[in-house]
Amino acid sequence: MSDKYMPHTEEDIKVMLDKIGVETIDDLYSDVPSEVIFKEEYDIPSAMSEIELRKHFEELGKKNTPLTIFSGGGAYDHYSPSVIGHLLQRSEFYTAYTPYQPEISQGTLQYIFEYQSMITELTQMEATNASMYDGATAAAEVAFMMVASTKKKNRVLVSATLPEKVVEVVKTYVKFHGVDLTIIPEKDGVTDFSAIEPELAKGDVAGLIVPTPNKYGIIEDFSGLADILHSQKSLLAIYADPSALAVLRTPGEWGADVACGDGQTLGMPLSFGGPYLGFISCAKAMLRKMPGRVVGATKDADGKRAFVLTLQAREQHIRREKATSNICSNQSLMALYATVYLSLLGKKGLEEVNILSCDGAHYLYNKLIESGKFKSVYNKPFLKEFVVETNLDMEKVNAKLLDNGIQGGLLLGNGKVAFAVTEKRTKEEIDTLVNLMLEEDK
């Protein structure tokens, strides 16, 4: 054979073709239009030695321009301790599959258990799962959980102050599962609570999803919201930034039935959009409706501490028609990432991350307002992200910033710009950003 890495021999291929009833591989693909078949030589470089290959990738790497980032929108440039990468690159973590056999999977089961314990503590809920892909799909799964947990209610309310991409993913998921979705409008940058009760009065609302902080960086006040929903036998879900929960009021404290979000803020590199980490935490009453993995601690025959998958049989993941969810892969490598990150920082470290981010964000906000070229849009509390308005040509400004190695704010339209500041940003970097923006006309 021409390719020694192909797993099938010529004999294997002949047996398969004979079984199908065709003579050659070309016959197998005869129904593919000839105009879409690539007929030229592949532009693949010749083999390289190790040193040549390393030099080649070094040259490719130089094409990337590291940026100082001042934008957020759901993904934030938090610091990632270098030890995490070294631990994650161990082969037993890279190759770990779903730990169906606990007797040979104790390491994987233990770190999933520790991850679940840490996220449960952050959210102050009663249980947490693992194996969610990202925050957006976790939010969609929460919508299904709420419908499954309420009787004869097939509609979910979603606040317009959730990140747009999260809302779009939820819309896509529910469309093909027969769940109705209603968007609750925003007012002055926060969820319009006056629009919720009329929807609840219709009697078909399974639950409501609201964010903290929201897409504008605002910390919304959910006082009494859980009571309003529960009075109508509906559920409250909070889409939360897990890092921010170290200093903000938690979903558990708000009386939420379920919490979800994206764990990217737990030190995960931006990495062009992933891989990230979705999480779901819930009250015990909803535990059996929760997708993904749940690991429990027990004792083995010798009385030693041991870990097992609990509450769900394997069939739940391989029989789609009976499954809670179609999520079946053990996407827990990033759960390990979060576990190592939280272990390294601890409670005080995570609080310090938020304090530094908050201080930097408010310093930038004040500098922009004092300049006279930016004005406040929402007079609401924020942590590390905020929105301002300006008459400056921000597309031109952002292009100039990019030329200087800075990624500026997210353009929201109508002169509104969202900036985010994390603990990585120094006073000097913030001052440079402000000076470059105010020199726009020079």
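- Residues Lys175 and Thr172 fail the side-chain proximity criterion, which asks for heavy atoms closer than 4.5 Å.
- By the 4.5 Å heavy-atom criterion applied to side chains, Leu88 and Phe93 are not counted as neighbours.
- Looking at Tyr239 and Ser159, their side chains never bring a donor and an acceptor atom within 3.5 Å of each other.
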Evaluate the criterion side-chain contact (heavy atoms from CB on, under 4.5 Å) for residue pair Thr161 and Ile218; output intermediate values, then yes/no.
-> CA-CA 9 Å; Thr161 63; Ile218 297 171; over 6 Å; no
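- Residue Glu395 qualifies as open at atom CD: its count of foreign heavy atoms under 6.0 Å is 12 or below.
- Side-chain polar atoms of Tyr276 and Ser271 form no donor-acceptor pair below 3.5 angstrom.
- With a 6.0 Å radius and a threshold of 12 heavy atoms from other residues, nucleotides or ligands, Asp43 has its CG atom at or below the threshold.
- Of the N and O atoms on the side chains of Thr137 and Asp134, at least one donor lies less than 3.5 Å from an acceptor on the other residue.
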For Gln124 and Glu253, run side-chain contact (heavy atoms from CB on, under 4.5 Å): C-alpha distance rounded to whole Å, both residues' side-chain angles, the deciding distance at 0.1 Å, then the answer.
-> CA-CA 7 Å; Gln124 293 195 349; Glu253 291 173 317; 3.2 Å; yes
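- Between Lys424 and Glu429 there is no salt bridge, since no side-chain nitrogen of the basic residue lies less than 4.0 Å from a carboxylate oxygen of the acidic one.
- Taking the six-membered ring where tryptophan is involved, the planes of Tyr365 and Phe386 are perpendicular, since the angle between them exceeds 60° and thus also 30°.
- Contact check for Asp431 versus Tyr363: side-chain heavy atoms found under the 4.5 Å cut-off.
- Contact annotation: the side chain of Glu385 never approaches that of Asp241 to less than 4.5 Å [non-hydrogen atoms, C-beta and beyond].
- Shown here is Asn379, whose CG atom has no more than 12 heavy atoms of other residues, nucleotides or ligands within 6.0 Å.
- Side-chain contact of Thr339 with Glu114: a donor-acceptor pair under 3.5 Å is absent, judged by distance alone.
- Annotation: side chain of Asp300 is not in contact with side chain of Pro102 (no heavy-atom distance under 4.5 Å).
- A salt bridge is absent between Glu351 and Lys348: the closest approach of a Lys/Arg side-chain nitrogen to an acidic carboxylate oxygen does not fall below 4.0 angstrom.
- Between Glu168 and Lys165, none of the side-chain N atoms (NZ, or NE/NH1/NH2) sits under 4.0 Å from a carboxylate O, so this pair counts as no salt bridge.
- Note: Gln89 CD to Leu333 CG = 10.0 Å, rounded to the nearest 0.5 Å.
- Ring-centre distance between Phe382 and Tyr378: not below the 6.0 Å cut-off.
- Looking at heavy atoms from C-beta onward, Arg293 lies out of side-chain contact with Ser332 at the 4.5 angstrom threshold.
- The shortest side-chain heavy-atom distance between Lys367 and Phe374 does not fall under the 4.5 Å cut-off.
- In plain terms, the two heavy atoms of Val170 and Ala140 that are nearest each other are CG2-N, 3.8 Å.
- Relative orientation of the His78 and Tyr76 rings is tilted, given thresholds of 30° and 60° on the angle between their planes.
- Heavy atoms from other residues, nucleotides or ligands lying under 6.0 Å from CD of Glu121 number 12 at most.
- Across every non-hydrogen atom of Asn154 and Gly178, the tightest pair is ND2-O, 2.5 Å.
- At most 12 non-hydrogen atoms from other residues, nucleotides or ligands lie less than 6.0 angstrom from CG of Asn414.
- Other residues, nucleotides and ligands contribute at most 12 non-hydrogen atoms within 6.0 Å of the OH atom of Tyr42.
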Please lay out, stage by stage, how Val166 and Asp262 fare under the test side-chain contact (heavy atoms from CB on, under 4.5 Å).
-> CA-CA 10 Å; Val166 173; Asp262 202 307; over 6 Å; no
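- Annotation: the span from Tyr115 atom OH to Met334 atom CE amounts to 10.5 Å, rounded to 0.5 Å.
- Sparse packing is recorded around CG of Asn391, with 12 or fewer heavy atoms of other residues, nucleotides or ligands lying under 6.0 Å away.
- A pairwise comparison of heavy atoms in Asn354 and Ala246 identifies ND2-CB, 3.9 Å as the closest pair.
- To the nearest 0.5 Å, the span separating CD1 on Ile406 from CE on Met437 amounts to 9.0 Å.
- One side chain, Ser194 or Asp192, offers a donor N or O that lies under 3.5 Å from an acceptor on the other.
- For the pair Phe193/Ile184, no side-chain contact is recorded, criterion being any heavy-atom separation below 4.5 Å from C-beta on.
- In this structure, CE on Met146 lies 4.0 Å from CD1 on Ile209, to the nearest 0.5 angstrom.
- Annotation: the span from Glu126 atom CD to Thr120 atom OG1 amounts to 9.5 Å, rounded to 0.5 Å.
- Residues Gly408 and Leu401 share a closest heavy-atom pair of CA-CD1, 3.8 Å.
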Give the C-alpha distance, both sets of side-chain angles, the deciding distance and a yes or no for side-chain contact (heavy atoms from CB on, under 4.5 Å) between Arg249 and Ser223.
-> CA-CA 11 Å; Arg249 194 170 179 180; Ser223 298; 4.3 Å; yes
